[in-house]
Student: 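Here it is: the structure, laid out below.
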Amino acid sequence: MLPTPSPSSPRRPAETKLAPSILACDFTRLGEEILAAHSAEYLHIDVMDGLFVPNISFGFPILEAARRVRDTHGSGQVLDVHLMIERPERYLSEFARAGADSLTVHVESTPHLHRCVQTVRDLGRRAGVVLNPGTPLETLTPVLGSVDLVLVMSVNPGFGGQKFLPQTYERVATVRRWLDEIGSVAELQVDGGVSADNARQLAGAGASVLVAGSSVFGPDGAAAGLERLRQSLGSEIGPEARL
Ligand code: DX5
Ligand code: ZN
């Protein structure tokens, strides 16, 4: 069971979960990079089609490989698939089959957002919805009560390593308020330009999961990157959690 957020007891930043984005991995060492990030609660997988966003990343073979690595180390990490593709309804069952635990679709990518959420839940996976920085938050309203995850983009999607947009804090705080008002236990993610410089403030605004690519998979490795983020959130992993 996911923890129930309570408006009367403010969330503790140290409880915030991390979702390293493999987009920033060295792909010649994908398995090692994923293993080095095994202490994170989520593994974020960015799928881009060159149409919804002006970049092409990867698809089913990489997701299947990530699942195999996850299954060998048995961390129970959630494979969190962020679909930056037009008409994601065409591929939801295929992504579920390839190993996604969670499937997040952009509200801007389909006229059938509600159907997508229903389909993902019928597939037995966690259903997420995501908004670009320029999309009004109100577009969430029709599905807010039926999702397991809301993702607020803090950059325009398509590329790693972009600058964090500060208006994100207010957007996160608004979505947090709406989720709490309806008693939703959905996770609230933020994605893009997340680092030790903004993690604590994002958690304070109400984010429960922070996606981070370049600030995790840096030159000193994912374990060090994750620890920097945890320290900024006020928690550290113990040595026993490291490989
Ligand atoms: C951007 C992707 C992000 C990206 C984040 O479109 O959705 O998940 O990997 O990368 P950083 O953390 O480097 O901004
Ligand atoms: Zn992403």
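Both counts, for ligands and for their atoms, begin at 1 and track the order of listing. We number each residue from 1, following the sequence as shown.
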Student: If you consider just the N/O/S atoms, which atom of His82 is the closest one to the Zn ion (ligand 2)?
Tutor: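 Relative to the Zn ion (ligand 2), the closest nitrogen, oxygen or sulfur of His82 carries the name ND1.
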Student: Could you tell me whether a side-chain N or O of Ser154 sits under 3.5 Å from a main-chain N or O of Phe164, the two making a donor and an acceptor?
Tutor: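 No, because the side chain of Ser154 does not come within donor-acceptor range (under 3.5 Å) of the backbone of Phe164.
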Student: When you measure from atom 6 (O) of ligand 1 to every protein heavy atom, which one gives the shortest distance, and what is it?
Tutor: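 Closest protein heavy atom to atom 6 (O) of ligand 1: Gly158 N, 2.7 Å.
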Student: Do the charged groups of Arg125 and Asp148 touch, with an N to O distance under 4.0 Å?
Tutor: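 No, no charged N to carboxylate O under 4.0 Å.
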Student: Verify, without hydrogens or angle tests, whether Ser184 (side chain) and Asp180 (backbone) share a donor-acceptor contact under 3.5 angstrom.
Tutor: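 Checking the backbone N and O of Asp180 against the side chain of Ser184, no donor-acceptor pair under 3.5 Å is found.
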Student: Is the backbone of Leu113 close enough, under 3.5 Å, to the side chain of Arg115 for a donor and an acceptor to pair up by distance?
Tutor: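 No, because the side chain of Arg115 does not come within donor-acceptor range (under 3.5 Å) of the backbone of Leu113.
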Student: What atoms in ligand 1 come closer than 4.0 Å to a heavy atom of Leu23?
Tutor: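 Checking each atom against Leu23, I get 9 (O).
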Student: So which heavy atom in the protein is nearest atom 1 (C) of ligand 1, and how far is it from that ligand atom?
Tutor: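 Answer, as residue, atom name and distance: Phe159 O, 3.5 Å.
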Student: I'd like to know if the side chain of Gln189 and the backbone of Leu210 have a donor-acceptor N/O pair within less than 3.5 Å.
Tutor: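 Looks like no, no N/O pair under 3.5 Å.
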Student: Would you mind checking which non-hydrogen protein atom is closest to atom 14 (O) of ligand 1, with the distance to 0.1 Å?
Tutor: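 Here the closest protein heavy atom is Gly193 N, 2.8 Å.
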Student: Quick check against the 3.5 Å criterion: does Glu89 have a side-chain atom that pairs as donor or acceptor with the backbone of His112?
Tutor: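 Between the backbone of His112 and the side chain of Glu89 there is no qualifying donor-acceptor contact (under 3.5 Å).
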Student: Using a 4.0 Å cut-off to any heavy atom of His82, which atoms of ligand 1 qualify?
Tutor: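 That gives atoms 7 (O) of ligand 1.
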Student: Using 30° and 60° as the class limits, which term best fits the ring planes of His106 and Phe52: parallel, tilted or perpendicular?
Tutor: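 Aromatic pair His106/Phe52 classed tilted.
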Student: Knowing that exactly one of Leu83, Asn55, Ile56 qualifies, which makes a side-chain contact (heavy atoms from CB on, under 4.5 Å) with Met48?
Tutor: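 The passing option is Asn55.
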Student: Note the single closest protein heavy atom to atom 12 (O) of ligand 1, along with its residue, its atom name and the distance in Å.
Tutor: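 Here the nearest protein heavy atom works out to Gly213 N, 2.8 Å.
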Student: Give the atom numbers and elements of ligand 1 that come within less than 4.0 Å of a heavy atom of Met84.
Tutor: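 Atoms satisfying the 4.0 Å criterion: 6 (O), 7 (O).
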Student: If you count the atoms of ligand 1 from 1 in the order shown, which ones are under 4.0 Å from a heavy atom of Pro157?
Tutor: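 With Pro157 as reference, the close atoms of ligand 1 come out as 6 (O).
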Student: Note the single closest protein heavy atom to atom 4 (C) of ligand 1, along with its residue, its atom name and the distance in Å.
Tutor: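 Of every protein heavy atom, Asp46 OD2, 3.7 Å lies nearest to atom 4 (C) of ligand 1.
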Student: Show me which atoms of ligand 1 lie under 4.0 Å from any heavy atom of Gly160.
Tutor: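 So the answer, numbered in order with elements, is 10 (O), 13 (O).
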Student: Check each heavy atom of Ser214 against ligand 1 and say whether those closer than 4.0 Å belong to the side chain, the backbone, both or neither.
Tutor: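 Both backbone and side chain of Ser214 come within 4.0 Å of ligand 1.
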Student: Suppose I only count heavy atoms of His44 and a 4.0 Å limit; which atoms of ligand 1 are within that range?
Tutor: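 Selected atoms, number and element: 8 (O).
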Student: At a 4.0 Å threshold, what atoms of ligand 1 neighbour a non-hydrogen atom of Ala212?
Tutor: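 Result: 12 (O).
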Student: Tell me if a side-chain donor or acceptor on Asp191 pairs with a main-chain N or O of Met153 at a distance below 3.5 Å.
Tutor: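 The answer is no, because no donor-acceptor pair under 3.5 Å joins these two groups.
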Student: Give the name of the N/O/S atom in His44 that lies closest to the Zn ion (ligand 2).
Tutor: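 Of all N, O or S atoms belonging to His44, NE2 is the one nearest the Zn ion (ligand 2).
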Student: Using heavy-atom distances, let me know which of Val216, Asp191, Leu210 sits nearest atom 5 (C) of ligand 1.
Tutor: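 The residue whose heavy atom sits nearest atom 5 (C) of ligand 1 is Asp191.
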Student: Check for a donor-acceptor pair, side chain of Arg90 on one end and backbone N or O of Glu86 on the other, with a separation under 3.5 Å.
Tutor: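 Judged by distance alone, yes, a pair lies under 3.5 Å.
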Student: Answer yes if the ring centres of Phe27 and Phe217 are under 6.0 angstrom apart, and no otherwise.
Tutor: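 Not under 6.0 Å, so no.
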Student: Any donor-acceptor pair under 3.5 Å linking the side chain of Arg176 with the backbone of Gly206?
Tutor: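 Indeed, once roles are kept as given, a pair shorter than 3.5 Å links the two residues.
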Student: Answer with yes or no whether Gly161 contacts ligand 1, where contact means a heavy atom under 4.0 Å from a ligand atom.
Tutor: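 True for this residue.
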Student: Any atoms of ligand 1 less than 4.0 Å from a non-hydrogen atom of Gly192? List them with their elements.
Tutor: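 Checking each atom against Gly192, I get 14 (O).
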Student: To 10°, measure the OD2(Asp191)-the Zn ion (ligand 2)-OD1(Asp46) angle for me.
Tutor: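 Value, to the nearest 10 degrees: 170°.
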